[in-house]
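All remarks here apply to the structure that follows.
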Amino acid sequence: MNSFAKEILDAARSAHDPSEADRARVAAKLANRLGGNTPSGGGGGAVAGLGGLAKVGVPILIALAALGFVAKRGLVGSGASLQAPHAVVVAPPVMEPAAPVVPPAQAQAESPQPGPAADPASEMAHPQSNETAPPVAPPPPAPHANRSPAVAATDLAGEMALIAAAQTAIQSGDYATAIAKLDEHQRSYPSGVLSEERTAARVVALCGAGQQAEARSVATAFLARHPSSPLAPRVRASCGMQ
Amino acid sequence: MPMLQVEAASPPRASVVEMSYEDIYRDHFDFVWRNVRRLGVPEAFADDAVQDVFVVVHRRLGEFEGRSTMRTWLFGILSRVARDYRRSRMRHDNKALAIAAEGEPQAAPTPADIAARREAARILEQLLEEIDEDKREVLVLVELEQMSVADVAEALSLNVNTAHARLRAARQAFESAATRFRAREKK
């Protein structure tokens with residue numbers, strides 16, 4: 001090869017290395033897709049399954065692991081707190097069945113927009129969720145629609161804070177606050193990595209708030225879009241759907 | 001805890017160590033990520049493609065017999081995933097291609113090192129795009145991942161002589177693409 005070709009190869013050899021934000025984002029998605037668990041099991045299974053996140057910092061690691069824990073336990077089924085670090089330690093080594101490999105065509109169907117896009121299930125199924133927004137003003141633009149990898153980790157922390165706040169509110173029976181937090185998450189992170197958790201939590205919150213019809217509508221859309229989600233059983237069980 | 005019987009990298013097939021899914025993910029995420037991109041999966045689809053690779057790894061833990069290195073085994077999986085993405089998503093979806101292209105990182109004005117890195121990535125992707133899939137895979141593994149031709153042959157289920165021939169052709173094709181690129185840049 002001539003020297004110019006070699007120069008290009010040398011210059012580009014590390015050009016595709018992932019950023020810490022890339023590692024964190026994919027680990028969170030993968031944990032969600034595999035049920036927040038990995039084959040290793042063990043007391044710290046959820047944490048171990050996110051071993052690639054070590055570089056993003058302990059708070060994010062713990063929070064992501066906690067989300068995995070919640071996914072396995074069905075959101076609020078055990079009453080365990082999302083924010084309690086010990087919940088990570090005691091996460092049971094449940095072996096979820098491996099998610100089916102999604103062929104590209106199906107994967108595309110699940111993610112019709114390759115760029116930032118809202119979760120269709122959450123968007124189409126709970127149109128009233130935007131009721132908390134100003135009635136006349138257009139929806140605010142997603143502040144993270146064109147986020148760079150450098151800020152993605154910060155976005156993830158912000159996402160988790162909102163979802164955790166919603167979970168806490170659900171556990172204390174404050175469903176209005178929970179719905180408000182989920183609305184805020186949807187406005188701020190319409191295509192966030194935790195949009196699946198957001199929609200599932202919305203079903204639980206709506207049921208708790210007595211909004212059965214909307215809860216069922218959201219649940220139906222969620223199950224159509226995420227039939228193999230680890231959160232699906234909890235969603236099905238909501239509002240007496242099972 | 002389910003463990004994999006994996007041959008240690010050095011010496012390649014002499015000692016056997018146990019490797020869990022977490023070990024594989026931790027040790028090889030970067031390898032999977034950068035090669036998914038190098039094999040032509042646009043940035044907009046990279047997350048999904050990388051996830052698909054590790055979902056397959058998750059499902060096939062028990063199938064890995066340790067007769068090849070982990071990176072060889074992984075590349076066999078990721079090359080199939082990347083091909084699927086390229087064929088199913090890109091060739092038949094011009095809209096997706098356009099969106100993906102819009103989402104490709106452009107050289108950022110600052111800081112300079114980020115801009116240079118992205119520019120290097122962009123040029124490499126552009127040149128690799130001009131090379132046949134088969135040759136591209138060999139070139140990526142040998143020239144960028146610096147794997148041996150024997151390992152590449154194993155990863156791609158090729159005869160070693162075929163892998164050598166493919167590498168020679170890939171280098172020529174890359175050199176030609178680089179020459180064309182430089183000529184365009186000078187205009």
>> Counting C-beta onward and ignoring hydrogens, is there a side-chain heavy-atom pair between Trp33(B) and Val26(A) closer than 4.5 Å?
In response: yes

> Would you say the side-chain atoms of Arg13(A) pair up with the backbone N or O of Glu143(B), donor to acceptor, closer than 3.5 Å?
Replying inline: yes

> With side chains defined as the heavy atoms from C-beta onward, is the minimum distance between Leu124(B) and His16(A) less than 4.5 Å?
Replying inline: yes

> Taking atom CZ of Arg26(B) and atom CZ of Arg23(A), what is their separation to the nearest 0.5 Å?
Replying inline: 12.5 Å

> So how far is it from Phe174(B) CZ to Leu9(A) CG, rounded to the nearest 0.5 Å?
Replying inline: 4.0 Å

> So how far is it from Asp22(A) CG to Arg34(B) CZ, rounded to the nearest 0.5 Å?
Replying inline: 13.0 Å

> Non-hydrogen atoms of chain A under 4.5 Å away: do they reach the side chain of Glu145(B), the backbone, both or neither?
Replying inline: neither

> Of Val36(B), Asp30(B), Val50(B), Val32(B), which is the lone residue that meets side-chain contact (heavy atoms from CB on, under 4.5 Å) with Pro18(A)?
Replying inline: Asp30(B)

>> For chain A, which candidate among Ala178(B), Ala46(B), Ala177(B) shows the most heavy-atom pairs at distances under 4.5 Å?
In response: Ala178(B)

> For Phe31(B), is it the side chain, the backbone, both, or neither that has a heavy atom closer than 4.5 Å to a heavy atom of chain A?
Replying inline: neither

> Is it true that Lys29(A) and Asp48(B) have a side-chain N and a carboxylate O under 4.0 angstrom from each other?
Replying inline: no

>> Can you give me the closest heavy-atom contact between Ala120(B) and Ala11(A), atom names plus distance?
In response: CB-O, 3.7 Å

> Measuring from Asn2(A):CG to Glu175(B):CD, what's the distance to the nearest 0.5 Å?
Replying inline: 4.0 Å

